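None of these values were measured; they are calculated from a predicted model. By convention in this document, chain letters (A, B, ...) are assigned in the order of the sequence lines, proteins followed by strands, and residues within each chain are numbered from 1.
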Amino acid sequence: MRACTKLISSTHPTLHFAHPTLESFIWNTLIRAHFQAGSRAELLTHTPLNVFLRMRFHRVKPDFHTFPFLLQSFNSPPHFQSGKQIHAQALLYGLANDPFVQTSLINMYSTCGNLMLARQVFDEISQPDLPSWNSIVNANVKVGLIDVARKVFDEMPERNVISWSCMINGYVSCGEYKEALALFREMQMVEANGVRPNEFTMSSVLSACGRLGALEHGKWIHAYIGKCGMEVGVVLGTSLIEMYAKCGIIERAKWVFDNMGPHNKDVMSWSAMISGLAMYGHAEECLELFTEMTSYGVRPNAVTFLGVLCACVHGGLVSEGKEYFRRMSEEFGITPLIQHYGCMVDLFGRAGLIQEARNLVNSMPMDPDVPVWGALLSGSRMHGDIETCEIALRKLIELDPTNSGAFVLLSNVYAKMGRWADVRHVRDLMEARGIKKVPGCSLVEVGGVLHEFFVGDDSHPETKEIYKMLDEIMKRLKMEGYVGNTNEVLLDLDEEGRELALSLHSEKLAIAFCFLKTSPGTPIRIVKNLRICSDCHVAIKVMSRVFDREIVVRDCNRFHHFKGGLCSCKEYW
DNA sequence: GTAGGGTTAG
C-alpha cells in the first residue's frame with residue numbers, strides 16, 4: 001500500500017490527506033497505471049486484474065471508475081475468461097448498468113471474438129448512447145460481419161466521426177475497398193451536419209486507395225488533407241507513403257517520406273518506405289534506407305525485416321538476404337516469423353537453390369504454411385524441378401484442399417512440358433473437388449473512375465470497342481514479331497484456342513480500355529489480383545515499345561514497370 | 001479537490 005500511495009502522489013502531488021473515497025480512488029488509479037504501463041513495457045510485475053484482486057482482498061468496494069480500464073486490459077491480448085469473471089463482479093456490485101461499463105464490456109467481448117455476448121450486453125441497454133452504438137458496430141466489424149455492421153450503422157439514431165471511421169475502416173479491413181470509398185463519399189455529403197473526417201478516417205481511406213491502386217482518388221485525398229489544414233503527422237504521413245507506393249508513384253512516396261523530417265518518423269514510416277522500395281525492386285536503395293534507419297537509432301521490427309527480405313527476393317540478392325536473416329535474430333533479437341521463412345524459401349527458390357529451400361522448409365521451427373509451400377512450389381516450378389513441385393503440391397492440398405493456386409501452378413508445369421494428359425488430370429481433379437480458379441481481375445482508374453475487368457469479361461458497357469481495340473493491338477504486336485507464349489494456359493485447347501484464351505487475360509482488356517480512353521503518352525496503371533503471367537509480361541513489354549507507353553502493372557507480388565520494351569523486374573525474360 | 005467508455009496502419 002505504501003508503494004501505491006508513493007506512485008499516486010508522484011502523479012497527483014496534491015493528494016495528501018484522507019478522503020471518503022480515497023481508498024477506491026487509489027486502487028482505481030493503480031489499475032489504470034498498470035493498464036497503461038502494461039501496454040508500453042513490462043516494467044510492472046502486476047496486471048490490472050492482479051491489482052483488482054488485491055483490492056478485493058483488502059475489502060475495498062469497487063465503484064463506477066473501477067471497471068472500464070480493468071475490462072480494457074483484457075483486450076490485448078484477449079482474455080475471455082478473465083473478462084467474463086469481471087463481468088460477473090460488475091453484476092455482483094450492481095455496476096453493470098453503467099453505460100461506461102457496458103461499452104467496455106461490448107468491446108471486451110468483441111475483441112475476444114464472442115459477438116453473442118457483446119450483442120447481449122448491447123441489447124440489455126435501454127437507451128444506448130453513441131459510444132455503445134459505435135462499439136456494437138465495431139464488434140461486428142471485428143468478427144468480419146461487415147453486412148451486419150452496416151445494418152446496425154444504418155439503424156443508428158445519430159452518427160459521429162467515430163461511427164463513420166469505424167464503418168469505413170471495417171470495409172477496408174475486409175477487403176471491400178470500393179465500398180469504403182463509396183461510404184467516404186457519403187460521409188462527405190453529410191458533412192454539412194457537422195461530421196468532418198479526421199486523421200483516422202483519412203488513414204483508412206488512403207489505405208483503400210492504395211489497395212485499389214486508385215491514384216487519382218489518393219491524390220485527391222492528399223489535397224483534401226491539405227485543404228482541411230489537417231497536419232500530416234506520423235500516421236497520415238505513413239499512410240500517404242503507403243498509398244503512393246502502392247499506386248506506383250514511388251517518387252511521390254519518397255517525397256512524402258523526406259518531408260516528414262528525420263525525427264518525425266517511427267518504425268512504421270521507415271518500414272512503409274522500405275517495403276515500398278522492395279515492391280518496386282529497388283533493392284540497393286532499400287537496403288541503404290535500412291542502414292540509415294538504424295543510424296537514426298530507430299529499431300527495426302519484424303515488419304521492417306519483412307520488407308528488407310522482400311527486397312532481397314526481388315533483387316535476387318541471396319547472400320545479402322541470408323545475412324539480414326541472420327542479423328535479424330542475432331543482432332536485433334527478433335524471432336523470425338513464418339513469413340520471414342517464407343521470404344527465405346522464396347529467395348532460394350527463385351535463385352534455383354531448390355535443395356537449400358527444401359532444407360529450410362524441413363528445418364524451420366514451425367509447421368510450414370500455405371505461403372511457404374507456395375514459395376517452394378513456384379521456385380521449383382520456375383526451375384522445372386517437378387519432383388519438388390509435386391511434394392509442395394501434396395502439402396498444399398493437405399493444408400488447404402480448396403486452394404486453386406497450387407493446382408493451377410502444377411498444371412502450368414505440366415503444360416510447359418507438354419504433358420497434356422497430366423494437365424487434364426489436374427483439371428479433372430479440380431472439377432471433381434469443386435475447386436474454382438480464382439478469376440483474374442484487373443483494376444484501372446480512368447478519369448477518377450475505377451473500372452474492373454475479369455478474364456474474358458464482356459460486362460463492360462463498352463465491351464465491343466474494347467475487344468476491337470484489343471484485336472488491333474494484338475495484330476500490331478504480331479507484326480512486331482510477338483508470338484503468344486501459350487505454355488501457361490491451363491486449358492487443353494488447340495494452339496489457336498490457347499492463344500485466344502491468353503488474349504482475354506484481364507490485364508490485356510484493361511490496357512485495351514486505357515488505349516481507348518486515354519490520350520497517347522499517358523502512363524497506364526493497372527492493379528492485378530493474381531501474378532501476371534509470362535505471356536502478358538512479354539506482350540506488355542512489346543506494347544510499351546510499339547505504342548510508346550509507360551505501363552505500370554502491380555500484381556499481387558510486386559510492381560512491373562514497362563517502358564521502351566523493357567520491364568523493371570528480373571523475373572521473366 | 002481528484003479518476004472511467006467508442007477508431008489506426010504492416
Side-chain angles (χ1 to χ4, degrees), chain A residues 8-9 11-22 24-33 35-36 48 62-73 75 90 95 98-108 110-111 118 121-122 125 128-139 141-142 149 156 159-170 172-173 197-208 210-211 233-243 245-246 266-276 278-279 300-307 310 337 339:
Chain A
I8 289 156
S9 55
T11 46
H12 294 264
T14 47
L15 273 173
H16 288 307
F17 41 86
H19 187 275
T21 60
L22 182 61
S24 73
F25 171 65
I26 290 177
W27 286 102
N28 293 344
T29 309
L30 207 57
I31 286 173
R32 187 188 61 188
F35 169 68
Q36 287 168 344
D63 59 21
F64 290 123
H65 304 291
T66 311
F67 290 99
F69 277 130
L70 184 54
L71 286 166
Q72 274 181 74
S73 73
N75 288 348
L95 296 166
D98 180 67
F100 286 67
V101 174
Q102 284 164 327
T103 309
S104 307
L105 281 168
I106 295 173
N107 282 324
M108 182 276 294
S110 64
T111 40
V121 173
F122 180 77
I125 306 174
D129 60 1
L130 203 39
S132 325
W133 277 104
N134 289 339
S135 297
I136 198 71
V137 167
N138 205 32
V141 163
K142 273 182 215 156
M156 286 174 77
R159 303 176 193 99
N160 64 1
V161 216
I162 297 177
S163 331
W164 287 93
S165 304
C166 276
M167 199 61 230
I168 291 173
N169 180 49
V172 175
S173 63
N198 61 14
E199 214 185 31
F200 289 84
T201 332
M202 291 324 222
S203 165
S204 298
V205 174
L206 282 172
S207 168
R211 306 298 176 102
V234 212
V235 176
L236 270 187
T238 307
S239 301
L240 283 169
I241 293 171
E242 219 184 301
M243 185 276 288
K246 286 213 168 100
D266 67 357
V267 215
M268 293 199 183
S269 328
W270 287 93
S271 306
M273 195 65 233
I274 286 174
S275 14
M279 231 178 358
N301 62 18
V303 181
T304 322
F305 275 101
L306 228 43
C310 187
L337 302 173
Q339 288 96 321

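- Checking A:Asp63 against A:Asn28 by side-chain atom types alone, a donor-acceptor pair falls below 3.5 Å.
- When the C1' atom of B:dA3 is taken as reference, atom CZ of A:Arg32 falls 6 Å away, rounded to whole Å.
- Of all nucleotides listed (B:dA3, B:dA9, B:dG4), B:dA9 comes nearest to the side chain of A:Met268.
- Residue A:Arg159 is classed as having no contact, given no heavy-atom separation below 4.0 Å to the nucleic acid.
- Every residue two or more places apart in sequence or in another chain that forms a side chain to side chain donor-acceptor pair (under 3.5 Å) with A:Glu242 is listed here: A:Lys246.
- Comparing B:dG10, B:dA9, B:dG6 against the side chain of A:Val235 picks out B:dA9 as the nearest.
- Within 4.0 Å (heavy atoms only), A:Val137 reaches no atom of the nucleic acid at all.
- When every heavy atom of A:Ser110 is checked against every heavy atom of A:Lys142, the shortest pair comes out as OG-NZ, 3.1 Å.
- The ring pair (Phe, Tyr, Trp, His ring centres under 6.0 Å) test applied to A:Phe200 returns no partner, not counting sequence neighbours.
- In this structure, A:Arg211 reaches the B:dG10 phosphate: one of its side-chain N or O atoms is under 4.0 Å from OP1 or OP2.
- A donor-acceptor contact closer than 3.5 angstrom links the side chains of A:Asp266 and A:Ser269.
- The nucleotide whose nearest atom lies closest to any side-chain atom of A:Ser104 is, among B:dG5, B:dA3, B:dG4, B:dG5.
- The distance between atom CG of A:Leu30 and atom P of B:dT2, rounded to the nearest whole Å, is 20 Å.
- When each of B:dT7, B:dG5, B:dA3 is scored by its nearest atom to the side-chain atoms of A:Asn138, the top-ranked nucleotide is B:dT7.
- Contact annotation for A:Leu70: no contact, since no heavy-atom pair falls under 4.0 Å across all strands.
- The side chain of A:Asn107 has B:dG6 as its nearest neighbour among B:dG5, B:dT7, B:dG6.
- Phosphate proximity of B:dG5 to A:Gln72: present, with a side-chain N or O under 4.0 Å from OP1 or OP2.
- If you measure from atom CE of A:Met202 to atom P of B:dA9, you get 18 Å, rounded to the nearest angstrom.
- When rounded to the nearest whole Å, the span between CE of A:Met243 and P of B:dG10 equals 15 Å.
- Contact of A:Asp129 with B:dG5 (side chain to base): a donor-acceptor pair of N or O atoms is detected under 3.5 Å.
- When heavy atoms are screened at a 4.0 angstrom cut-off, A:Ser132 is found touching base atoms of the nucleic acid.
- You'll find that the side chain of A:Thr238 is closest to B:dA9, out of B:dA3, B:dG6, B:dA9.
- Among B:dG6, B:dA3, B:dT7, the nucleotide with an atom closest to any side-chain atom of A:Asn198 is B:dT7.
- The separation between A:Phe67 atom CZ and B:dA3 atom C1' is 15 Å, rounded to whole Å.
- Rounded to whole Å, atom P of B:dG6 lies 15 Å from atom CE of A:Met156.
- A:Phe69 contributes atom CZ, which lies 12.5 Å from atom CG of A:Leu30 (distance to the nearest 0.5 angstrom).
- Proximity note for A:Phe200 (side chain, C-beta onward) versus B:dT7, B:dG10, B:dG6: the nearest is B:dT7.
- Residue A:Ser165 is in base contact, counting any heavy-atom pair closer than 4.0 Å across all strands shown.
- Looking at heavy-atom distances under 4.0 Å, A:Ser135 makes contact with sugar-phosphate atoms alone, never a base.
- Nucleic acid contact class of A:Asn169 (heavy atoms, under 4.0 Å, all strands): sugar-phosphate only.
- Using a 3.5 Å distance cut-off with no hydrogens or angles, the side chains of A:Thr201 and A:Asn198 do pair a donor with an acceptor.
- Using a 4.0 Å heavy-atom criterion, one finds that A:Asn301 contacts the bases of the nucleic acid, with or without backbone contacts as well.
- For A:Thr103 against B:dG5, a side-chain-to-base donor-acceptor contact under 3.5 Å is present.
- Contact annotation for A:Phe64: base contact, defined as any heavy-atom pair under 4.0 Å involving a base atom.
- Following rounding to the nearest Å, A:Ile106 (CD1) and B:dG5 (P) show an atom-to-atom distance of 15 Å.
- The distance from atom CD1 of A:Ile162 to atom P of B:dT7 is 7 Å, rounded to the nearest whole Å.
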